Amino acid sequence: QVQLVESGGGLVQAGGSLRLSCDASGVAFKSYTMGWARQAPGKEREFVAAINRIADSTHYADFVKGRFTISRDNARNTVYLRMDDLEFDDTAVYYCGACLFCSPDMSLRAYAHWGQGIQVTVSS
């Protein structure tokens, strides 16, 4: 059974940083493109960032503006999202997803597996 478990969220002041982690099990991690999405209250889930299987290709949403960095450690079955210079509008539940045979720029609809999500709250 595929499990994706996010950690590292919490409350941070605007301008601060957080690093999210997503630990994967029950999946051939090295075969999957991994991504992050987020959903704010009253809004649809939106793409944040993705990284391909061998970590030589990444894709980011425009609103990231160079503030976020996605990375992965295939030896640990873990994908990370480093978030710097956080803004109030970054407040959302962040989800980790796994996508087989995907390129990093593919739609969230292509993702077969999602974690339960973790709250990130940025205070202004």
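What you are looking at is a predicted structure, and each value in this text was computed from that prediction instead of being measured.
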Residue pair [X] / [Y], side-chain heavy-atom distance below 4.5 Å:
{"X": "V122", "Y": "E87", "result": "no"}
{"X": "F68", "Y": "L81", "result": "yes"}
{"X": "H59", "Y": "F47", "result": "yes"}
{"X": "S17", "Y": "R82", "result": "yes"}
{"X": "W114", "Y": "L108", "result": "yes"}
{"X": "L18", "Y": "V120", "result": "yes"}
{"X": "L4", "Y": "Q116", "result": "no"}
{"X": "V64", "Y": "M83", "result": "no"}

State, to 0.1 Å, how close [X] and [Y] come at their nearest heavy-atom pair, and which atoms those are.
{"X": "V48", "Y": "Y94", "value": "CG2-CE2, 4.3 Å"}
{"X": "R72", "Y": "A55", "value": "CG-CB, 3.9 Å"}
{"X": "P104", "Y": "A50", "value": "O-CB, 3.4 Å"}

Quick one about [Y] and [X] (side-chain donor to acceptor, distance below 3.5 Å, no hydrogens or angles considered), yes or no?
{"X": "T33", "Y": "N52", "result": "no"}
{"X": "Y80", "Y": "R19", "result": "no"}
{"X": "D73", "Y": "T78", "result": "no"}

Taking the side chain from [X] and the backbone from [Y], do they hold a donor-acceptor pair closer than 3.5 Å?
{"X": "E6", "Y": "G117", "result": "yes"}
{"X": "N74", "Y": "R53", "result": "yes"}
{"X": "Y60", "Y": "I70", "result": "yes"}

Any chance you could measure [X], atom [atom1], to [Y], atom [atom2], to the nearest 0.5 Å?
{"X": "M34", "Y": "N77", "atom1": "CE", "atom2": "CG", "result": "9.0 Å"}
{"X": "S124", "Y": "L86", "atom1": "OG", "atom2": "CG", "result": "13.0 Å"}
{"X": "S57", "Y": "I51", "atom1": "OG", "atom2": "CD1", "result": "8.5 Å"}
{"X": "C96", "Y": "I118", "atom1": "SG", "atom2": "CD1", "result": "11.0 Å"}

[X] with [Y], same ILVMFWY side-chain cluster at under 4.5 Å:
{"X": "Y111", "Y": "F101", "answer": "no"}
{"X": "M106", "Y": "V27", "answer": "no"}
{"X": "V79", "Y": "V2", "answer": "yes"}

>> What verdict does the side-chain contact (heavy atoms from CB on, under 4.5 Å) test give for I54 and K30, after you've listed the backbone C-alpha separation in whole Å, the side-chain angles of each residue and the deciding distance to 0.1 Å?
In response: CA-CA 7 Å; I54 57 174; K30 296 177 183 179; over 6 Å; no
> Is it the case that R76 places NZ or CZ above or below the six-membered ring of F29, under 6.0 angstrom from the centre and within 45 degrees of the axis?
Replying inline: no
>> Does R45 qualify as a cation-pi partner of Y95, given the criterion of NZ or CZ under 6.0 Å from the six-membered ring centre and within 45 degrees of its axis?
In response: yes
>> Can you tell me if F88 has over 12 outside heavy atoms packed within less than 6.0 Å of its CZ?
In response: no
